[in-house]
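I have placed the structure first, in the form of structure tokens, so that the comments after it can refer back to it.
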Protein chains: 2
Amino acid sequence: MTRPVQHRRVTIVDVARHAQVSTTAVSKVLRNAYGTSPSMREKVHQAIAELGYRPSAAARGLRGQTYTLGVMVPDIANPFFPEVLDGVTSWLRDTDYQVLLAPGCAGELAEAKTIDSMIDRSMDGIILIAPVSPRAHLEHVAGTIATVIVGRHARSTIFDTVADDDIAGAALVVDHLVSLGHRRIAHIEHLETEPSCIEEMPNMVRAEGYRRAMRRHGLQAEIDVVSRTYTREGGFTGARELLDRPRRPTAIFAGADIAAMGALEAVAQAGLSVPGDISVAGYDNTPFATFSQVSLTSVDQAGRQIGADAARLLLERIADRARRSAQITLSPTLVVRGTTGPPPAG
Amino acid sequence: MTRPVQHRRVTIVDVARHAQVSTTAVSKVLRNAYGTSPSMREKVHQAIAELGYRPSAAARGLRGQTYTLGVMVPDIANPFFPEVLDGVTSWLRDTDYQVLLAPGCAGELAEAKTIDSMIDRSMDGIILIAPVSPRAHLEHVAGTIATVIVGRHARSTIFDTVADDDIAGAALVVDHLVSLGHRRIAHIEHLETEPSCIEEMPNMVRAEGYRRAMRRHGLQAEIDVVSRTYTREGGFTGARELLDRPRRPTAIFAGADIAAMGALEAVAQAGLSVPGDISVAGYDNTPFATFSQVSLTSVDQAGRQIGADAARLLLERIADRARRSAQITLSPTLVVRGTTGPPPAG
DNA sequence: ACTGTCGTGGGTAACGTTGCCCAAATGTTT
DNA sequence: AAACATTTGGGCAACGTTACCCACGACAGT
């Protein structure tokens, strides 16, 4: 039964004393800065190991770096985001940076609070995934802290962006469905309740891509969009509305797998079969879509790659805040599975 | 085109000057400490608002509190954890605390690194979900930082625990299957590669609960456990092994929904129907299980409640580090759905 | 009038780290 | 041999906040 004594934390001063050098020396070794001899490095490293010293991020933060990167995800329950996160962390594996996730940011207000809290904690940089804040606010944030924005189709001089080509992704789905013989193809989009900087958001671009592709195929008269959210609930009610139409669509393209999931439920509940009576496609190619009982046709936007690129850009921007901004656009691919097929005859 | 000037951060000194009071006064108002008159509070609050002041967590951390709580999750892709997290954040909604998530902790080494990084960042407290570290290490951590452990069936004087009664949960599944007429009920368990403090882990307790329930029904001869991991892959290969048995089980109880998902795939791939040829049950009652196309019978362990309890205990422990430790055990319930039914005749 | 007590406010020294500067010793060029 | 460059190490002052003290005036009870 060891007594849980409250030890005072080992500091750089303890290490310096133990290694018989100055605190400056220890600090230099820690940051492998200029002006350290091999023998000194040796002594210091040994002292660090013997005392089990760990630098205080708080004290470092007060002076500058914290070696902490923040990632904001809009919805932790959406299975697409873990994949992006995985890309981020695996890119940072061999660095000194620690990634921390800020969860639960529903709405512009909560998002601003979350971003502020990351700034307050002196993080070295942040990755914002599909933020809903107005453009001007993002610019302001990026002026304060190194920032990479994922998903938004924006171009700024002070932040970098990584996004999927949502126009192309939506076109892949429409092209696929048209080539199967569909004409009445409907879309379930995500609509923010607070309308700010709409046209930059990935969901809006997907809807626009759908419309353009439909027009390209001469199907402008068949364009049919219902506005919900990218959630199971949104997909469910959206699909139900579509199924109640006098001329029911023969295919539903949901802007996200999680919405497609809800749509599939609505279709099943209506007693219709997939893809016999109606085809359903999603977006994101989440693990759920690959599940063989579901086998959802979906657009793959390479979440891991997005995450890795975002991490890389963030490190570059931390190293040089004034460097030219970069915009990376990744090309999506279509993964055809069992939920899409030819429309019913007649 | 606003020029992105690098503003110096607004500090407590600026606020003090602007409000014509001392920094001490501002600090007191911020923490609503003793010794502030209403008029002073008024002045300070106005100055804070006018300057847009935000306290630096780094500086606060150096002195004591950071108002930051850390949550470690073992696997961000497992859909059960978002639910727990949701419970945590909703309980903390109206407090000054910010929750940060530390992702990706596969294995004991990565876990230790993650915990250390939270301690380095002077977090006020941490919630560890199903940690795999040895008992002694957890005690040591809890001696350094306020700690609540979720999932482990442990009892300590210095950390609190919240767990589901996994023995009872496993029994619910076995009882249900037996009442349907099953006898050959197999179990897919999760086995850590690094074997430390095995018997405390929820997965091991579930397996033990399965064994006890089988014995209670006089089915000790039918006990059949395959060891994998709580992943889709683990469930898939585990189920395949079970299906290849000369005397194939009539029911499979996977220790987690995500493993049950893999098991369902293996069953489908073997050309068997659920629940006609074989029944499948899971654990956690994740959103996936509720999906009507899957309709997985599963044990609900009230993730939101677990998270809320953990948050509450953590705040209590932060307020009083010496208080008696608490152990909360929640009773699971069984949600019967479509993947379980009577065994095939003969 | 004299001692306490209370309410109100401020001064100051940390907390642990790092960037800037300077000093001494050593090596290199003219 | 003198002048200069380079390497090696340390002193010191921040960074922004808070806990601990002390000072002052007002007011109550002797």
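Bear in mind the structure is a predicted one, so any value in this text is a computation, not a measurement. Just so it is clear: chains get the letters A, B, ... in the order the sequence lines come, proteins before strands, and each one is counted from 1.
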Task: Pairwise distance CD1(I127(A)) to CD1(I306(A)) - rounded to 0.5 angstrom - done: 11.5 Å

- [ ] Choose from dG9(C), dT18(C), dT18(D) the nucleotide whose nearest atom is closest to any side-chain atom of K28(B).
- [x] dG9(C)

Open item on the list: Is the phosphate of dG10(D) approached by S22(A) (side-chain N or O, under 4.0 Å from OP1 or OP2)?
Closed with: yes

N/O contacts under 3.5 Å, protein versus nucleotides 5-7 of chain D?
from   : atom 1 : to     : atom 2 : distance (Å)
dT7(D) : OP2    : Y34(A) : OH     : 2.7

TODO: May I ask you to say whether D120(B) pairs ionically with R9(A), meaning some side-chain N is under 4.0 Å from a carboxylate O?
DONE: yes

TODO: Figure out the CG/C1' separation between L30(B) and dG16(D), and round it to whole Å.
DONE: 12 Å

Open item on the list: Please report the distance, rounded to the nearest Å, between CZ in R17(B) and C1' in dG16(D).
Closed with: 13 Å

Task: Intermediate values then yes/no, salt bridge (charged side-chain N to carboxylate O under 4.0 Å, His left out), R323(B) and D160(B) - done: CA-CA 10 Å; R323(B) 87 151 209 285; D160(B) 305 306; 3.1 Å; yes

TODO: Check the distance between dC15(C)'s C1' and R9(A)'s CZ and give it to me in whole angstrom.
DONE: 12 Å

TODO: Determine the contact category for V21(A): base if any of its heavy atoms lies under 4.0 Å from a base atom, sugar-phosphate if only primed atoms, P, OP1 or OP2 are that close, otherwise nothing.
DONE: sugar-phosphate

Task: Chi angles and distances behind the side chain to side chain donor-acceptor pair (under 3.5 Å) call for E111(A), S133(A) - done: CA-CA 7 Å; E111(A) 185 173 298; S133(A) 296; 2.6 Å; yes

Open item on the list: Going by side chain to side chain contact (heavy atoms under 4.5 Å, CB included), name the residues that satisfy it together with Q327(A), two or more places apart in sequence or in a different chain.
Closed with: R155(A), T161(A), S325(A)

Task: Length of the line joining R54(A):CZ and dT17(C):C1', which is rounded to integer Å - done: 16 Å

Provide a list of protein-nucleic acid N or O atom pairs under 3.5 angstrom, restricted to nucleotides 22-25 of chain D.
none

- [ ] Inspect the contact between D124(A) and R60(A) and indicate whether a charged nitrogen and a carboxylate oxygen are less than 4.0 angstrom apart.
- [x] no

- [ ] Look at all strands and tell whether S27(A) reaches a base, only sugar-phosphate, or nothing, counting heavy atoms closer than 4.0 Å.
- [x] base

Open item on the list: Can a donor-acceptor pair be found, under 3.5 Å and without considering hydrogens, that links the side chain of T66(A) to the backbone of G61(A)?
Closed with: no

Open item on the list: Just the rounded figure in Å: distance from C1' of dT17(C) to OH of Y67(A).
Closed with: 10 Å

TODO: List the steps and the verdict of salt bridge (charged side-chain N to carboxylate O under 4.0 Å, His left out) for D116(B) and K113(B).
DONE: CA-CA 5 Å; D116(B) 277 345; K113(B) 241 187 92 178; over 6 Å; no

TODO: Name every residue in residues 58-66 of chain B that has at least one heavy atom under 4.0 Å from any atom of DNA chain C, in order of residue number, or write none if there are no such residues.
DONE: L62(B), R63(B)

Open item on the list: Using 0.5 Å steps for rounding, measure from the CD1 atom of I48(A) to the CG atom of D14(A).
Closed with: 12.0 Å

Open item on the list: Check the phosphate of dT17(D) against Y53(B), side-chain N and O only, distance under 4.0 Å to OP1 or OP2. Yes or no?
Closed with: yes

Open item on the list: For A59(A), give me all partners under side chain to side chain contact (heavy atoms under 4.5 Å, CB included), at least two apart in sequence or on another chain.
Closed with: S56(A), L62(B)

Task: Interatomic distance, L30(A) atom CG to R54(A) atom CZ [nearest 0.5 angstrom] - done: 11.0 Å

TODO: Rounded off to whole Å, could you give me the CG-to-C1' distance for the N32(B) and dA19(D) pair?
DONE: 16 Å

- [ ] Would you state whether a donor and an acceptor, one from the side chain of T24(B) and one from the base of dG9(C), lie under 3.5 Å apart?
- [x] no

Task: Spacing between R121(B) atom CZ and dT17(C) atom P, to the nearest angstrom - done: 13 Å

TODO: Figure out the CD/P separation between Q20(B) and dG9(C), and round it to whole Å.
DONE: 14 Å

TODO: Return no unless some side-chain N or O of S37(A) is found under 4.0 Å from OP1 or OP2 of dG9(D).
DONE: yes

TODO: For residues 84-102 of chain B, pull every pair meeting salt bridge (Lys or Arg N to Asp or Glu O under 4.0 Å), keeping only residues two or more places apart or in separate chains.
DONE: D86(B)-R304(B)

